[in-house]
Amino acid sequence: MMIKIYALLSTLFALSASPATAATFTATAEGNTVTIFSKSDKVELCDVYVDFSYWYKGKREYTVTHCPNRIIVISDKAKVCNAHHVEIVDPRIEGSVVFECE
């Protein structure tokens with residue numbers, strides 16, 4: 001009887017100790033918009049950033065879009081946030097998405 005209880009507790013502990021996969025993020029640049037997407041199998045709270053550039057007055061301007069305190073939902077592709085403005089012309093993602101989750 002004691003062995004069965006120990007085996008059950010060991011299994012429950014192993015299941016609770018194995019965390020879900022962390023979220024991953026991608027970014028797209030289309031039209032006048034830069035959009036960040038997430039893929040996650042657990043709900044998390046994250047700060048997300050991506051560097052991008054856009055064409056402005058004959059030269060490329062470099063900036064960052066910051067999405068603070070975003071709730072990341074369980075999804076294969078969920079929109080986290082976007083930056084949209086008429087002055088964002090020919091945007092390009094200039095690096096990988098940087099994030100910090102709690």
Side-chain angles (χ1 to χ4, degrees):
M1 178 70 167
M2 193 64 148
I3 294 174
K4 288 181 183 179
I5 292 173
Y6 177 74
L8 177 63
L9 289 176
S10 297
T11 303
L12 290 175
F13 179 75
L15 290 174
S16 66
S18 57
T21 306
T24 57
F25 296 89
T26 57
T28 61
E30 296 177 7
N32 302 91
T33 306
V34 173
T35 306
I36 299 175
F37 296 95
S38 67
K39 178 180 179 179
S40 182
D41 60 0
K42 70 176 186 173
V43 177
E44 298 183 79
L45 183 66
C46 300
D47 287 343
V48 187
Y49 310 80
V50 69
D51 293 326
F52 71 97
S53 66
Y54 60 97
W55 193 252
Y56 183 72
K57 294 187 178 180
K59 65 178 184 172
R60 291 212 74 80
E61 296 287 330
Y62 294 84
T63 189
V64 63
T65 186
H66 176 213
C67 309
N69 300 319
R70 298 297 172 146
I71 296 174
I72 307 305
V73 298
I74 298 170
S75 176
D76 284 339
K77 188 173 184 180
K79 185 166 94 172
V80 176
C81 69
N82 65 354
H84 174 81
H85 197 279
V86 294
E87 292 183 356
I88 298 176
V89 176
D90 187 28
R92 292 184 194 157
I93 304 300
E94 296 293 342
S96 58
V97 179
V98 178
F99 62 96
E100 183 178 329
C101 299
E102 297 178 9

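We use all heavy atoms of the structure for the numbers below, so side chains are in, but hydrogens, waters and symmetry mates are not.
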Asker: With rounding to the nearest 0.5 Å, note down the distance linking CZ in Phe99 to CD1 in Ile36.
Answerer: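 It comes to 11.5 Å.
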
Asker: Does Glu61 have any side-chain hydrogen bond (donor to acceptor under 3.5 Å, both in side chains) partners at least two apart in sequence or in another chain, and if so, which?
Answerer: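 Partners of Glu61 by the side-chain hydrogen bond (donor to acceptor under 3.5 Å, both in side chains) criterion come out as none, since no residue qualifies.
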
Asker: What salt bridge (Lys or Arg N to Asp or Glu O under 4.0 Å) pairs are there with at least one residue in residues 67-87, not counting sequence neighbours?
Answerer: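 Sorted pair list comes back empty.
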
Asker: To the nearest 0.5 Å, what is the distance between CG on Asn82 and CD1 on Ile88?
Answerer: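 Rounded to the nearest 0.5 Å, the CG-CD1 separation comes out at 9.0 Å.
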
Asker: Looking only at non-hydrogen atoms, find the nearest pair between Pro91 and Ala29 and report the distance.
Answerer: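 So the minimum-distance heavy-atom pair works out to O-CB, 3.4 Å.
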
Asker: Heavy-atom distance under 4.5 Å between the side chains of Val43 and Ile74, does that happen here?
Answerer: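 The answer is yes; the side chains approach within 4.5 Å.
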
Asker: Does Ser75 have any side chain to side chain contact (heavy atoms under 4.5 Å, CB included) partners at least two apart in sequence or in another chain, and if so, which?
Answerer: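 In terms of side chain to side chain contact (heavy atoms under 4.5 Å, CB included), with neighbours along the sequence ignored, Ser75 is linked to Val73, Ala78.
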
Asker: Just to verify, what does Asn69 make a side chain to side chain contact (heavy atoms under 4.5 Å, CB included) with, not counting sequence neighbours?
Answerer: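 Asn69: side chain to side chain contact (heavy atoms under 4.5 Å, CB included) contacts with Leu45, Asp47.
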
Asker: Hydrophobic clustering (ILVMFWY, side-chain heavy atoms < 4.5 Å, transitive) - are Val50 and Tyr56 grouped together?
Answerer: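 Per the 4.5 Å side-chain linkage, Tyr56 and Val50 are co-clustered.
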
Asker: Sorted by first residue and then second, give each disulfide (SG to SG under 2.5 Å) pair with at least one member in residues 27-75; sequence neighbours left out.
Answerer: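 Disulfide (SG to SG under 2.5 Å) check on residues 27-75 returns Cys46-Cys101, Cys67-Cys81.
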
Asker: Run the side-chain hydrogen bond (donor to acceptor under 3.5 Å, both in side chains) test against Ser53 and tell me which residues pass, sequence neighbours left out.
Answerer: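 Arg60, Glu94.
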
Asker: Side chain to side chain contact (heavy atoms under 4.5 Å, CB included) with Thr63: which residues, sequence neighbours excluded?
Answerer: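 Here the qualifying residues are Phe52, Tyr54.
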
Asker: How would you list, by chain and number, every residue that makes a ring pair (Phe, Tyr, Trp, His ring centres under 6.0 Å) with Phe37, sequence neighbours excluded?
Answerer: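 Phe37: no ring pair (Phe, Tyr, Trp, His ring centres under 6.0 Å) contacts found.
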
Asker: His66: which residues meet the side-chain hydrogen bond (donor to acceptor under 3.5 Å, both in side chains) condition with it, sequence neighbours left out?
Answerer: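 Applying side-chain hydrogen bond (donor to acceptor under 3.5 Å, both in side chains) to His66 gives Tyr49.
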
Asker: With sequence neighbours left out, which residue pairs that include part of residues 29-39 fulfil the side chain to side chain donor-acceptor pair (under 3.5 Å) condition?
Answerer: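 Side chain to side chain donor-acceptor pair (under 3.5 Å) check on residues 29-39 returns Thr33-His84.
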
